[in-house]
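Scroll down for the structure; my scribbles are underneath it.
Each ligand, and each atom within it, is numbered from 1 in the order the structure gives.
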Amino acid sequence: MKVYNTLTRKKEEFIPLVPGEVKMYVCGPTVYNFFHIGNGRTFVVFDTIRRYLEYRGYTVKFVQNFTDIDDKMIKKANAEGTTVKELGDRYIAEYYKDADGLNIERATVNPRATEYINKIIDFVSALIEKGYAYEIDGDVYFSTKKFKEYGKLSGQNLEDLQAGVRINIDERKKDPMDFAIWKSAKPEEPSWDCPWGKGRPGWHIECSCMAKDILGDTIDIHAGGSDLAFPHHENEIAQSEALTGKPFANYWLHSAFVNVNNQKMSKSLNNFFTAREILEKYDADVIRFLLLSGHYRVQLNFSEELLESAKASMERLYNGVSNLENLINEVDKKEITESEKEYINGLSKYRERFIEKMDDDFNTADAISVLFDLIKDINTNITINSSKEVAEKALELVRELGYPLGILQKSTKGTLEEEIEKLIEDRQKARKDRDWALADKIRDDLKARGIVLEDTPQGVRWKKAD
Ligand code: AMP
Ligand code: ZN
């Protein structure tokens, strides 16, 4: 399996530290609002990568944090007259609603930054002791000059980076590129006791600390949206590697933005659509299809038309599922034939092609076209004359390949009971309308499926034929 590693700017063979196991950390949301479909892309992409790794037999320890203390949280809590803690609790609950709605699998662990304050303080203290960080009036800064490899992720050297920074004379830090890992408390802000008075952690240190604590000094995959590569991930590397002297993450994966009219979708530009509002109108399958229909490293221009076309595409795929489900529901006594067995074996070529595409840096766009080819093949070759077993086996394969993408897992039918109740209702209506032909047809179709209707004084009852 090959993955594109931002650190080396190359596609590399994926080799986890421990064979068969993957330690994966994804930077999660700041929980002060509903997440938008741009954030949603990042969550869906890395959920898909996690699902695919599991599909390929890896056990994945998947960690995605909640940033529940920062300037935006404090501002919003003040504006609403609530506490940062209450705001975090509320939007974490809302996050789960939307993430579940998008078929995002629950992480192995979802740590909250505020649960790690003591460990973060230990991390900061250790960096000061090692000479990588310094304290000024309760603020602690990381000294970028001390970390010789600073800039390796973004491919910039410190001099170039410095040249691009406007020197702010009010800053107390020694060097313009130094960044805060601990911030002294301002009045009215949540703060914690620490060796430097009272304060709160900087954003970058939270991820370094939580990743190390839950997954260990070196992890396999660290991921996030492409805006996080610099400075967030660059700073995480500096802090973590300065502390442990070991590589922090072997593979760095970044997903590209969702844009609106070629501008990044963001809360600050106010050009966003929340996942929630889109989920009200479109199914999770449709939204995931849209987000996965392009490669994850290519920007996606979001529009209503794209959603509509994703909806039409999903309908085509689900029509295939529906045909198979209809065949499976027929009461059919036919045995699977030799040529049908051969046909099913032959379908494994789609599995091979799907894996080949996904093994190539998770090329979901091409993997989806393999799914279309598979459905087309099935639609042409499995017909009313086929056996139930061949339809079942084909449907299993469709669902198997849909699983890593988080689509095609639903049934197009309700339960058998719901379906029959609905048909009985249709028949009653037909009788009321004196459409005897339709009423008889419904009764006969059900009979052909082994369902017998009985008209009783209490209404219509049904039972399975003996
Ligand atoms: P935030 O809540 O802003 O910290 O963002 C949570 C995650 O969503 C991060 O990994 C961001 O990189 C990612 N993200 C934010 N905006 C977008 C966007 N327009 N498109 C794709 N990912 C985004
Ligand atoms: Zn992070």
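Of all the atoms in ligand 1, the ones that sit under 4.0 Å from a non-hydrogen atom of A256 are 21 (C). Close contacts between ligand 1 and P29 involve ligand atoms 2 (O) [criterion: under 4.0 Å to a heavy atom]. When each atom of ligand 1 is checked for a heavy atom of T42 under 4.0 Å away, the hits are 8 (O), 10 (O), 13 (C), 21 (C), 22 (N), 23 (C). Atoms of ligand 1 found under 4.0 Å from any heavy atom of C27 (numbered from 1 in listed order, with element): 10 (O). Heavy-atom contacts of M265 reach the following atoms of ligand 1: 16 (N), 18 (C), 19 (N) (cutoff under 4.0 Å).
Under the 6.0 Å cut-off for aromatic ring centres, Y251 and F14 qualify, their centroids lying closer than that. Centroid-to-centroid, the aromatic rings of H222 and F248 come within less than 6.0 Å.
Annotation for L127 and L243: closest pair CD2-N, 3.9 Å, computed over non-hydrogen atoms. Nearest heavy-atom pair across F62 and A107 is O-CB, 3.4 Å.
The aromatic rings of W252 and H233 lie tilted to each other, with the angle between the two planes from 30° to 60°. Taking the six-membered ring where tryptophan is involved, the planes of F273 and F302 are tilted, since the angle between them lies from 30° to 60°.
Atom 20 (N) of ligand 1 has V258 N, 2.8 Å as its closest protein atom, hydrogens excluded (heavy atom only). Of the protein's non-hydrogen atoms, the one nearest atom 4 (O) of ligand 1 is T30 OG1, 3.5 Å. Atom 15 (C) of ligand 1 has its closest protein heavy atom at N39 ND2, 3.1 Å.
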Requested in this report: Show your working on side-chain contact (heavy atoms from CB on, under 4.5 Å) between Y95 and Q64 and close with a plain yes or no.
Outcome: CA-CA 12 Å; Y95 167 86; Q64 185 179 288; 2.9 Å; yes

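Of the candidates D227, I37, N33, D227 brings a heavy atom nearest to atom 11 (C) of ligand 1.
Put simply, part of K264 is less than 4.0 Å from ligand 1, judged by heavy atoms.
At least one N/O-N/O distance between G38 and ligand 1 falls below 3.5 Å. Distances between N or O atoms of G225 and those of ligand 1 include at least one value under 3.5 Å. For ligand 1, the polar-atom distance check finds no N/O of L228 at less than 3.5 Å from any of the ligand's N/O atoms.
A cation-pi contact, defined as under 6.0 Å to the ring centre and within 45° of the axis, is absent between K11 and Y4. With a 6.0 Å cutoff to the six-membered ring centre and a 45° limit on the axis angle, R51 counts as a cation-pi contact of Y403.
The Zn ion (ligand 2) has no N, O or S atom of H233 closer than 2.8 Å.
Distances from the Zn ion (ligand 2) to each N, O or S atom of H232 single out NE2 as the nearest. E236 has its closest N, O or S atom to the Zn ion (ligand 2) at the position named OE2.
Judged as a side chain to side chain donor-acceptor pair (under 3.5 Å), and not counting sequence neighbours, the contacts of Y350 are D377.
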